[in-house]
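What follows is a single structure, written as C-alpha cells, with notes after it.
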Amino acid sequence: KDSAPDDVALDIDGKVNENFRLDGGRAQLRLKLDKGDHRITVGAKDAAASWAAIRIVDYREEIVRMFNEMYLNYRSRYEGIGDTLTPRELELAVGQKMPEARRSALGSAITIFEFANFSLHAMRRRDFERMYLSRMDVT
C-alpha cells in the first residue's frame, strides 16, 4: 500500500527475524522452509502485523499417508480386511459393497496411490488434490 512503512520485519515461527525494505509498499522474497506447519508474520515496528499459517508437504508422502488412513478406516469398518491386502485386493473387497460412483472414486484413489508408492513419477499438487477429492468421495 502507498501508506505502508518503508521497513518491515519478517518472522517465521517466532525464530527467524529478517528486516527488509519495501519499494512502493511492496516486496518479494523467496523462502525455503522445511516440511511442516509454519506461521509467517510480517509487520512494521509499532504497528499491527499480518500473519499466515502455512503447511509445507511432500505430495508423495501425503498421498501415501492418505491412502494408509483410508486403508485403516476400511479395515475397521469391513470384516475380512487384514494387513496383507494389496491396494487392488482392497478395491475388490470393499468396492463390491459400495455404489458405482464411490467405487470409481476408490479406483482413482488407488491408482494415484500406486503411482506415488510404486513409481518414480513426480507427484504434483494436482495429484495430491485428486487423491484428496477421491478420498472424500469414498468416505
Side-chain angles (χ1 to χ4, degrees):
K1 296 180 181 178
D2 291 337
S3 62
D6 289 337
D7 293 315
V8 294
L10 174 69
D11 183 296
I12 301 172
D13 300 330
K15 300 174 189 166
V16 178
N17 284 306
E18 182 179 332
N19 293 314
F20 57 96
R21 191 157 191 76
L22 297 179
D23 182 17
R26 294 176 175 240
Q28 184 173 353
L29 299 170
R30 289 187 184 262
L31 299 174
K32 184 170 178 144
L33 302 173
D34 294 330
K35 288 186 287 186
D37 295 326
H38 300 281
R39 182 178 171 120
I40 299 174
T41 306
V42 177
K45 237 184 205 181
D46 304 326
S50 296
W51 61 272
I54 64 169
R55 174 175 286 163
I56 307 295
V57 298
D58 177 286
Y59 295 130
R60 182 178 307 278
E61 290 174 7
E62 287 298 303
I63 289 168
V64 170
R65 181 190 61 75
M66 284 190 284
F67 176 81
N68 288 334
E69 286 177 358
M70 188 174 70
Y71 192 103
L72 289 173
N73 183 16
Y74 285 137
R75 203 175 89 198
S76 68
R77 289 176 32 201
Y78 294 96
E79 208 171 294
I81 297 177
D83 292 337
T84 60
L85 294 182
T86 66
R88 292 300 168 181
E89 289 171 335
L90 175 70
E91 181 181 24
L92 288 173
V94 174
Q96 314 171 45
K97 301 170 183 152
M98 58 177 54
E100 179 61 35
R102 289 180 65 199
R103 196 174 320 145
S104 177
L106 176 61
S108 293
I110 288 173
T111 298
I112 297 164
F113 165 75
E114 287 173 331
F115 274 108
N117 200 50
F118 301 121
S119 78
L120 298 176
H121 292 283
M123 293 288 104
R124 307 217 184 281
R125 181 179 176 95
R126 71 177 177 267
D127 301 311
F128 170 77
E129 290 170 349
R130 282 180 45 228
M131 178 65 174
Y132 180 84
L133 293 172
S134 292
R135 193 185 81 175
M136 296 303 290
D137 288 342
V138 170
T139 55

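FYI, the numbering just counts along the sequence from 1.
- Taking CD of Glu129 as the reference point, atom CD1 of Ile63 lies at 10.5 Å (rounded to 0.5 Å).
- Minimum interatomic distance between Leu33 and His38 (heavy atoms only, all atoms of both residues): CB-NE2, 3.9 Å.
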Report task. Show the numbers, then the answer: is there a side chain to side chain contact (heavy atoms under 4.5 Å, CB included) between Arg75 and Leu85? Result -> CA-CA 10 Å; Arg75 203 175 89 198; Leu85 294 182; over 6 Å; no
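- Leu10 CG to Leu29 CG: the interatomic distance, rounded to the nearest 0.5 Å, is 6.0 Å.
- Of all heavy-atom pairs between Asp11 and Lys15, the closest is OD1-N, 4.0 Å.
- Taken to the nearest 0.5 Å, the CG atom of Asn117 stands 12.5 Å off from the CD1 atom of Ile110.
- Using a distance-only test at 3.5 Å, with no hydrogens or angles considered, no donor-acceptor pair links the side chain of Glu91 to the main chain of Pro87.
- Between Asp127 and Arg124 no salt bridge is recorded (no basic side-chain N to carboxylate O distance below 4.0 Å).
- Glu62 has a carboxylate O that lies under 4.0 Å from a charged side-chain N of Arg65, or vice versa, which qualifies the two as a salt bridge.
- When all heavy atoms of Phe20 and Ala9 are compared, the pair lying nearest together is CE2-C, 4.4 Å.
- Ion pairing between Asp13 and Arg39 fails under the 4.0 Å rule for side-chain N and carboxylate O.
- Phe67 pairs by the ring-ring contact (aromatic ring centres under 6.0 Å, His included) definition with Phe113, not counting sequence neighbours.
- Atom CE of Met136 sits in a sparse spot, with 12 or fewer heavy atoms from other residues, nucleotides or ligands closer than 6.0 Å.
- Rounding to the nearest 0.5 angstrom, the gap separating the CG atom in Leu72 from the CD atom in Glu69 is 8.0 Å.
- Other residues, nucleotides and ligands contribute over 12 non-hydrogen atoms within 6.0 Å of the OH atom of Tyr71.
- In this view, Tyr132 satisfies the ring-ring contact (aromatic ring centres under 6.0 Å, His included) rule with no residue, not counting sequence neighbours.
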Query raised in the report: Should Asn19 and Asp7 be marked as a side chain to side chain contact (heavy atoms under 4.5 Å, CB included) after you check the CA-CA gap, both sets of side-chain angles, and the distance that decides it?
Result: CA-CA 7 Å; Asn19 293 314; Asp7 293 315; 6.0 Å; no
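- Of all heavy-atom pairs between Asp137 and Ala105, the closest is CB-CB, 3.6 Å.
- The main-chain N or O of Gly107 is found under 3.5 Å from a side-chain atom of Thr111 such that the two form a donor-acceptor pair.
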Please table the atom pairs, donor to acceptor, closer than 3.5 Å between any side-chain atom in residues 48-58 and protein atoms at least two apart or in another chain.
| residue | atom | partner | partner atom | Å |
| --- | --- | --- | --- | --- |
| Arg55 | NE | Asp37 | OD1 | 2.6 |
| Arg55 | NH2 | Asp37 | OD1 | 3.2 |
| Arg55 | NH2 | Asp37 | OD2 | 3.2 |
| Asp58 | OD1 | Arg60 | N | 3.0 |
| Asp58 | OD1 | Glu61 | N | 2.9 |

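- Interatomic distance, Met70 CE to Met131 CE, rounded to the nearest 0.5 Å: 5.0 Å.
- Here the OH atom belonging to Tyr59 is positioned 14.0 Å from the CD1 atom belonging to Ile112, to the nearest 0.5 angstrom.
- Between Met123 and Phe128, every side-chain heavy-atom pair lies at or beyond the 4.5 Å cut-off.
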